[in-house]
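Working notes, structure below.
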Amino acid sequence: MGRFSALPLRTRLALLTAVAVALAVAVCAVVAWILVRQQLTASLDEQLRKDLDPIEHRQIVAGLQEGDCRPEPREPAEGMIFQSRFTLQVVWEADSCIFLGAASVTPSDSDIQVANRLRHEAVHNATGSDGETYRVLTRPLSGTTNAAVSIARPLDEVTDPLRSLALVLTLVAAAGVVGSAGVGVALARAGLRPVDRLTEAAEHIARTEDLSVRIPVHGDDEDEIARLTRAFNSMTAALASSRELQQQLIADAGHELRTPLTSLRTNIELLARSEATGRRLPEDDRRRLLESVTAQMKELAALIGDLQELSRPEPGPGRRLEVVALHDVTRRAVARARLRAGDTPVRDDIQPWYVRGEAPALERAVVNLLDNAVKFGGGAPEGVTVELRGGVLRVRDHGPGIPAEELPHVFERFWRSPGARSLPGSGLGLSIVARTVRSSGGDVVLRPAPGGGTEAVVTLPGAPTPPPGAPA
């Protein structure tokens with residue numbers, strides 16, 4: 001089995017085809033041989049009956065009385081209807097005698113039963129005194145009470161045609177096996193041609209890293225090769241999209257990092273030059289430079305943290321998520337937001353709701369929504385409101401709102417509206433929110449709020465009570 005598995009797939013298919021055809025031909029040949037044998041034997045039995053029916057039993061009885069029936073075989077007398085290879089003999093319970101024929105056949109138990117009138121007829125094979133096999137038919141002898149007459153013909157009338165048939169079937173089977181091997185090779189080549197195309201495409205991608213390669217699909221959804229081709233094209237398309245997103249992320253990250261790094265380097269160089277030349281900057285300017293350096297360091301740290309979050313692979317479909325009390329997560333996020341909100345009030349109305357997800361990621365997502373609302377609320381006295389009811393989390397601000405043409409872009413990485421580019425932030429917060437909500441099976445939208453401002457609506461599947469066995 002190990003050696004067979006080591007063979008190329010094309011060779012294995014050809015061998016399996018040859019073996020399958022060989023078995024089919026062998027079974028058909030054996031069945032044909034058996035059927036022909038049965039037919040020839042039945043024909044010989046019928047011929048024996050036709051030969052025995054016209055015989056006058058009175059002559060046989062008379063011959064017994066005159067001594068014409070002898071223990072030893074003898075040649076037929078002139079004018080007899082039978083040829084020398086036929087045997088006609090009389091059987092009784094204790095003995096038998098040859099009435100006609102060059103060979104005698106030892107009576108069987110069934111023949112004796114016919115002589116004793118226990119059976120109407122007996123048909124069987126027997127070996128004659130000349131060593132040949134005979135087909136024997138025995139019937140009761142009329143005019144007697146304990147005798148039967150047997151007629152026998154050599155069985156080579158059956159075996160000789162069967163030997164010729166066996167030779168022919170063997171030659172046909174051998175030709176079929178050889179032909180099936182060739183057909184198997186042709187079928188393997190034709191069947192594996194689409195696989196060869198897939199192999200060539202995979203090798204081309206591995207050699208050139210060209211993910212734009214697509215293979216034409218031939219066939220419907222029931223065709224395994226067509227399904228494999230579609231899966232391969234989908235895989236290359238997904239890889240190309242992933243690489244494009246990765247390159248875009250690197251390019252956007254480089255662009256976003258360049259501004260704070262340039263500003264940070266300028267400020268540090270200015271401080272270093274002041275120290276090197278001995279010309280100290282005015283205290284107010286020095287303090288502002290240090291505050292700017294600190295703010296830029298915080299901005300860099302936040303940007304790097306967001307990039308790390310986005311670089312984490314999304315959980316797969318078979319992931320195990322824990323039961324999370326979304327109301328507790330939301331309360332912790334509100335407490336964190338209030339520390340950073342300053343004078344902006346953050347009001348909450350939170351009802352119990354349990355979901356499946358990752359508690360730290362969900363808390364970060366809610367914090368991002370709250371920070372966004374505080375930052376773009378414009379210091380409105382109404383502040384920010386947070387509501388969690390029936391699995392729907394709403395975070396609303398009362399700021400100027402987001403123009404309708406900008407709403408489709410708010411969840412894109414590094415996208416920032418023209419009016420927000422002067423404000424601190426990396427443009428990754430809402431991307432992280434969308435990713436976290438999607439991994440928990442939910443949905444998030446940003447839309448204009450009634451009466452002004454913006455409302456973020458997060459919908460997460462869950463229940464108001466924890467499932468059995470989950471912590472309350």
Side-chain angles (χ1 to χ4, degrees), residues 30-169:
V30 170
V31 171
W33 187 87
I34 292 174
L35 292 176
V36 171
R37 184 187 65 177
Q38 292 176 347
Q39 187 63 36
L40 290 176
T41 303
S43 298
L44 180 58
D45 293 344
E46 187 64 26
Q47 186 62 44
L48 288 172
R49 293 185 182 95
K50 291 180 180 179
D51 291 340
L52 186 59
D53 286 342
I55 295 177
E56 293 288 342
H57 289 204
R58 294 192 304 272
Q59 296 178 2
I60 298 177
V61 173
L64 286 173
Q65 295 173 352
E66 296 173 1
D68 291 337
C69 189
R70 302 178 181 178
E72 299 296 330
R74 58 176 176 161
E75 293 296 328
E78 185 177 354
M80 295 296 293
I81 61 173
F82 297 104
Q83 300 176 2
S84 60
R85 296 193 68 202
F86 286 78
T87 295
L88 186 67
Q89 65 184 37
V90 177
V91 178
W92 52 88
E93 184 175 358
D95 203 354
S96 66
C97 63
I98 304 300
F99 192 82
L100 176 67
S104 62
V105 177
T106 303
S108 66
D109 292 340
S110 59
D111 294 333
I112 296 175
Q113 290 175 359
V114 173
N116 293 330
R117 302 303 190 268
L118 299 177
R119 296 180 60 171
H120 171 69
E121 181 183 84
V123 182
H124 59 88
N125 296 336
T127 302
S129 59
D130 56 358
E132 293 192 27
T133 303
Y134 286 81
R135 187 69 171 173
V136 181
L137 171 66
T138 304
R139 283 182 175 176
L141 179 62
S142 302
T144 64
T145 59
N146 60 348
V149 59
S150 295
I151 186 171
R153 294 179 64 170
L155 200 61
D156 55 12
E157 297 180 28
V158 174
T159 56
D160 287 350
L162 287 178
R163 290 192 188 97
S164 300
L165 178 62
L167 178 61
V168 172
L169 290 177

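Note that the coordinates shown come from a computational prediction; the quantities given were computed from them, not determined experimentally. Positions are given from 1, in the same order as the sequence printed here.
Identified under the disulfide (SG to SG under 2.5 Å) test for residues 87-160, with sequence neighbours left out: C69-C97.
When all heavy atoms of R139 and V114 are compared, the closest pair comes out as C-CG1, 3.5 Å. Heavy-atom minimum distance, L48 versus R135: CD1-O, 3.5 Å. The two atoms that bring S150 and T138 nearest to each other are OG-OG1, 2.6 Å, heavy atoms only. Closest approach of L52 to L137, counting heavy atoms only: CD2-CD2, 4.1 Å. Across Y134 and P154, no two heavy atoms sit closer than the pair CD2-N, 3.6 Å. Closest approach of V91 to P107, counting heavy atoms only: CG1-CB, 3.7 Å.
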For residues 160-169, dump all side-chain donor-acceptor pairs below 3.5 Å to protein atoms at least two apart in sequence or in another chain.
residue, atom, partner, partner atom, Å
D160, OD1, R163, NH1, 2.8
S164, OG, D160, O, 3.3

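The side-chain hydrogen bond (donor to acceptor under 3.5 Å, both in side chains) search around R119 returns none, not counting sequence neighbours. Evaluation of the side-chain hydrogen bond (donor to acceptor under 3.5 Å, both in side chains) rule for E157 yields R153 as partners, not counting sequence neighbours. When the side-chain hydrogen bond (donor to acceptor under 3.5 Å, both in side chains) test is applied to S142, the partners found at least two apart in sequence or on another chain are H57. For the side-chain hydrogen bond (donor to acceptor under 3.5 Å, both in side chains) test, residues two or more places apart in sequence or in another chain that qualify with R49 are E121.
Residue D53 qualifies as enclosed at atom CG: its count of foreign heavy atoms under 6.0 Å is above 12.
Distance check, rounded to the nearest 0.5 Å: CG of L40 to OG1 of T159 gives 10.0 Å.
No donor-acceptor distance shorter than 3.5 angstrom exists from the side chain of N116 to the backbone of L118, with no hydrogens or angles considered. Remark: side-chain polar atoms of R37 are not paired, donor with acceptor, to backbone N or O of A32 under 3.5 angstrom. Under a 3.5 Å cut-off, the side chain of S129 and the backbone N or O of S104 do form a donor-acceptor pair.
Judged purely by distance below 3.5 Å, without hydrogens or angles, the side chains of D111 and S108 pair a donor atom with an acceptor atom. Checking Q47 against D51 by side-chain atom types alone, a donor-acceptor pair falls below 3.5 Å.
Taking 4.5 Å as the limit, some side-chain heavy atom of L44 sits within range of a side-chain heavy atom of L155. Two residues are said to be in side-chain contact when any heavy atoms from C-beta on lie closer than 4.5 Å; I55 and V149 fail this criterion.
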